[in-house]
Amino acid sequence: MLRNILIVLAILVVNLAQAEEPARLYQQHCASCHGVDRLGAMGPALLPESLERLKKAEALRVVSGGRAATQMQGFADRISGPEIEALVAWIYQPGSASPRWTDADIQASRIVHHGPGSLPDRPAAAFKGVDMMNLFIVVEAGDHHVSVVDGDRLQVLHRFPSRYALHGGPKFTSDGRYVFFASRDGWISKFDLWNLQVVAEIRAGINTRNVAVSGDGRYVAVGNYLPHTLVLLDGNLNPIKTLAVMDKDGKVSSRVSAVYDAAPRQSFVAALKDVPEIWEISYNPQAEDIPIGMVHDFQYKEGAFVHGFLNPRRTFLSETLDDFFFTQNYSELMGASREAGRGQVVNLDVRRKIADLSLPGMPHLGSGITWQRQGHPVMATPNLREGVISVIDMNNWQTIKQIATPGPGFFMRGHENSRYVWTDSMMSKSRDTLTLIDRESLEKVAELRPEPDKTLAHVEFTRDGKHVLASLWERRSNGGALIVYDATSLQEVKRLPMDKPVGKYNVWNKITRSAGTSH
Ligand code: DHE
């Protein structure tokens, strides 16, 4: 009997030691860059939520051999193979306490590189003769940099390091001067495009979806997965308010799938991933008061109101929305949850669903676009699961045509001056192919496949619609580049080498909210 107890105790001690070992190794080798609590510091957060997109095999490779062009060094010379395996397994496990990111953490993270008013209010000398409205911002995921490209001369003017793993579209102020970036790790960076300087940064969350900026540049909204918050900042990245994202009864909290600026409505609109509600947050100081039930029912008092400014006004739905995009006048949004296989149209004024959309597969409405066809506005969206583009008449919300593509894709683009809309098939074996569709006949007119087996995706037009820039989504050493096409002849006119270029964003198309691009 005593022998058995001793064996059990011995096993427990060994198990405990095994469990403690990775934690000890982490504190010894990793904590100084990734934070003692794994929330990230100079290096990214190492929590299961932050590592969702990194395969364990790749994590093992990085911990052993380091990551090129970053400060992440390899540890194979100091930590044994089995220890690295244990360490990697450990960082994919939840931490002991649920991670918190409080208002004090947000405030303490704020960094000001150049105070407001300290940089000249005119474009730098490097921009002499450059059309500031035809600049592109290009996010490069290979070595986490951003390039500034002159859309007329098709040249890189500047390149600077970004935070680790930017995601979502950078957002511009309406004069095109400032650009706001969000990293998956919650860092929001404000970049002065005229002076080519990052002016301020703040960490608004631990796991962030995206950032939105008000039309007047005075307010910034950040949607988070972790914690369940929507953080409101001023245009200089000072925290104003954190909204805890809860259902109307205050019982279920939710991740924020995405938040966008609806400038004509002077509001931010957010999709919630876990609660079937849309939130609209007005940044108009004269916003109407809201019945308190629209803000938090759990404080419900008959006839009580709160001021509408910077408070959420809820639209209740029967299904959650993962993502959406707006009609050009911003009175409606078209959205879907990823699994629903159909979409819904929600009118933001009457605050309810007004139509269903027939969208098979996994529609990716954040990349949806609209255009005018035979006098009718139509919408189309890529599909992450099926090689099909559904084109829908926005007057009656009926499907006009389903266009087959070589495979599921991620992004779509058009331009008022071009007769083609472009989409990719990057979620399939045909990831190397761009498909062009005639926006009137809705026929496929071309497939471009310049580099077999290399991912080609995410296009953006120049300001005048004459050229299209597409990402050859490879490391620089493997031919990664922006390929520039003539939008009419479809001939390649130039290649700009880049390190895994992801998205690119044209100042003019963004600030004028061109129907053919994301807003
Ligand atoms: Fe994105 C935008 C959600 C995976 C590259 N992506 C967006 C937006 C949302 C979204 C809600 C709009 C925010 C904005 O622009 O402000 N993306 C999601 C997902 O839910 C998904 C499928 C899973 C996830 O892990 O988040 C996802 N996205 C990816 C990728 O794997 C991509 C291809 C590579 C990457 O860098 O992560 C990717 N997403 C992008 C890009 C945009 C984007 C380039 C901006 C598109 C634009 O042109 O505006």
Side-chain angles (χ1 to χ4, degrees), residues 44 48-55 136-142 144-146 162-172 179-185 188 207-213 220-226 230 255-262 268-273 320-326 333 335-339 361-369 381-385 408-415 422-428 431 455-461 468-471 473 482 498-506 509-510 513-514 516-519:
E49 296 86 347
S50 324
L51 294 166
E52 261 170 12
R53 300 171 51 78
L54 186 71
K55 295 201 175 81
F136 284 81
I137 289 288
V138 188
V139 172
E140 294 175 67
H144 308 280
H145 273 66
V146 171
S162 71
R163 287 278 168 183
Y164 179 82
L166 298 182
H167 176 242
K171 301 292 154 43
F172 296 87
V179 194
F180 293 76
F181 299 92
S183 81
R184 287 194 185 260
D185 259 0
I188 306 302
N207 193 322
T208 289
R209 295 304 286 164
N210 74 329
V211 63
V213 179
V220 174
V222 185
N224 288 325
Y225 263 10
L226 197 67
L230 212 152
R255 295 167 287 178
V256 178
S257 293
V259 59
Y260 298 102
D261 176 45
F268 295 118
V269 181
L272 310 188
K273 195 163 177 77
T320 56
L321 286 188
D322 255 301
D323 206 2
F324 62 81
F325 72 116
F326 296 103
L333 59 84
S337 77
R338 293 272 153 77
E339 300 303 329
M362 198 184 275
H364 189 228
L365 282 143
S367 291
I369 57 167
T381 171
N383 193 318
L384 299 173
R385 192 178 288 147
F410 230 97
F411 305 106
M412 246 187 127
R413 278 291 188 276
H415 189 281
W422 298 52
T423 190
D424 61 84
S425 290
M426 72 173 275
M427 304 298 284
S428 73
R431 60 184 185 279
T455 301
L456 185 65
H458 197 283
V459 308
E460 176 79 285
F461 284 81
V468 174
L469 281 58
S471 288
W473 206 298
L482 285 192
M498 301 245 165
D499 198 358
K500 220 175 182 189
V502 183
K504 63 212 65 64
Y505 310 88
N506 177 273
N509 295 342
K510 290 296 171 193
R513 295 172 186 271
S514 160
T517 194
S518 57
H519 297 180

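What you see below is based on every heavy atom in this structure, not just the backbone, and it leaves out hydrogens, waters and symmetry mates. When a ligand or atom number is given, it counts from 1 through the structure's own listing order. Here the structure is a predicted model, which means the values were calculated and not measured.
Of all atoms in ligand 1, numbered sequentially from 1 with element shown, those under 4.0 Å from a heavy atom of Tyr505 are 44 (C), 45 (C), 47 (C), 48 (O), 49 (O). Those atoms of ligand 1 that come under 4.0 Å of a heavy atom in Asp323, given as number and element, are 9 (C), 11 (C). Ligand-side atoms of ligand 1 in range of His458: 46 (C), 47 (C), 48 (O), range being under 4.0 angstrom from any heavy atom. Numbered from 1 in the order shown, with element, the atoms of ligand 1 that lie under 4.0 Å from a heavy atom of Lys171 read 14 (C), 15 (O), 16 (O). For ligand 1, the atoms sitting less than 4.0 Å from at least one non-hydrogen atom of Ala258 are 11 (C), numbered in the order shown with element in parentheses.
For atom 1 (Fe) of ligand 1, the count of nearby protein N/O/S atoms, taking only those under 2.8 Å, is 1.
In terms of protein heavy-atom proximity, atom 21 (C) of ligand 1 is nearest to Arg338 NH1, 4.2 Å. The nearest protein atom to atom 36 (O) of ligand 1, hydrogens excluded, is given as Val502 CG1, 3.9 Å; this is a heavy-atom distance. Residue, atom and distance of the protein heavy atom nearest to atom 49 (O) of ligand 1 are Ser518 OG, 2.5 Å. Considering only non-hydrogen protein atoms, atom 15 (O) of ligand 1 sits nearest to Gly169 N, 2.8 Å. The closest protein non-hydrogen atom to atom 12 (C) of ligand 1 is Tyr260 OH, 3.2 Å.
Taking NZ of Lys504 as the start and NE2 of His458 as the end, the distance is 5.0 Å to the nearest 0.5 Å. A distance of 8.5 Å separates CG in Asn506 from CG in Leu469, rounded to the nearest 0.5 Å.
Under the 4.5 Å side-chain criterion, counting only non-hydrogen atoms from C-beta, Leu333 is in contact with Leu321. Put simply, the side chain of Arg413 reaches to within 4.5 Å of the side chain of Thr517, judged on heavy atoms. Residues Phe326 and Val269 are in side-chain contact: their nearest non-hydrogen atoms beyond the backbone lie under 4.5 Å apart.
Using a 4.0 Å cut-off between charged nitrogen and carboxylate oxygen, Asp323 and Arg209 do not count as a salt-bridge pair.
Of the polar atoms of Ser367, none of the N or O atoms is found under 3.5 Å from an N or O of ligand 1, judged by distance alone.
Smallest separation of non-hydrogen atoms from Ala457 and Met426: CB-SD, 3.6 Å. The two residues Met362 and Asn383 have their closest heavy-atom pair at N-OD1, 2.9 Å. Closest approach of Ser367 and Pro382 over heavy atoms only: O-CD, 3.6 Å. Between Asn210 and Ala258, the closest heavy-atom pair is OD1-CA, 3.5 Å. Scanning both residues, Ala221 and Leu230, for their nearest heavy atoms gives CB-CD2, 4.0 Å.
A tilted orientation is assigned to the rings of His415 and Phe461, their planes being inclined by 30° to 60°.
Contacts with ligand 1 closer than 4.0 Å are made by side-chain heavy atoms of Arg184 only, the backbone lying farther away.
Few gaps surround NZ on Lys273; more than 12 heavy atoms of other groups in view lie less than 6.0 Å from it.
Taking the six-membered ring for Trp and the full ring otherwise, the centers of Phe410 and His364 sit less than 6.0 Å from each other.
Taking all heavy atoms of Asn210, Ile369, Val211, Leu365 into account, the minimum distance to atom 13 (C) of ligand 1 is reached by Asn210. The residue among Arg53, Arg209, Glu52 with a heavy atom at the shortest distance from atom 18 (C) of ligand 1 is Arg209.
Within the structure, ligand 1 has Arg413 among the residues with a heavy atom less than 4.0 angstrom away. Contact between Lys504 and ligand 1 is absent, with no heavy atom of the residue lying under 4.0 Å from the ligand.
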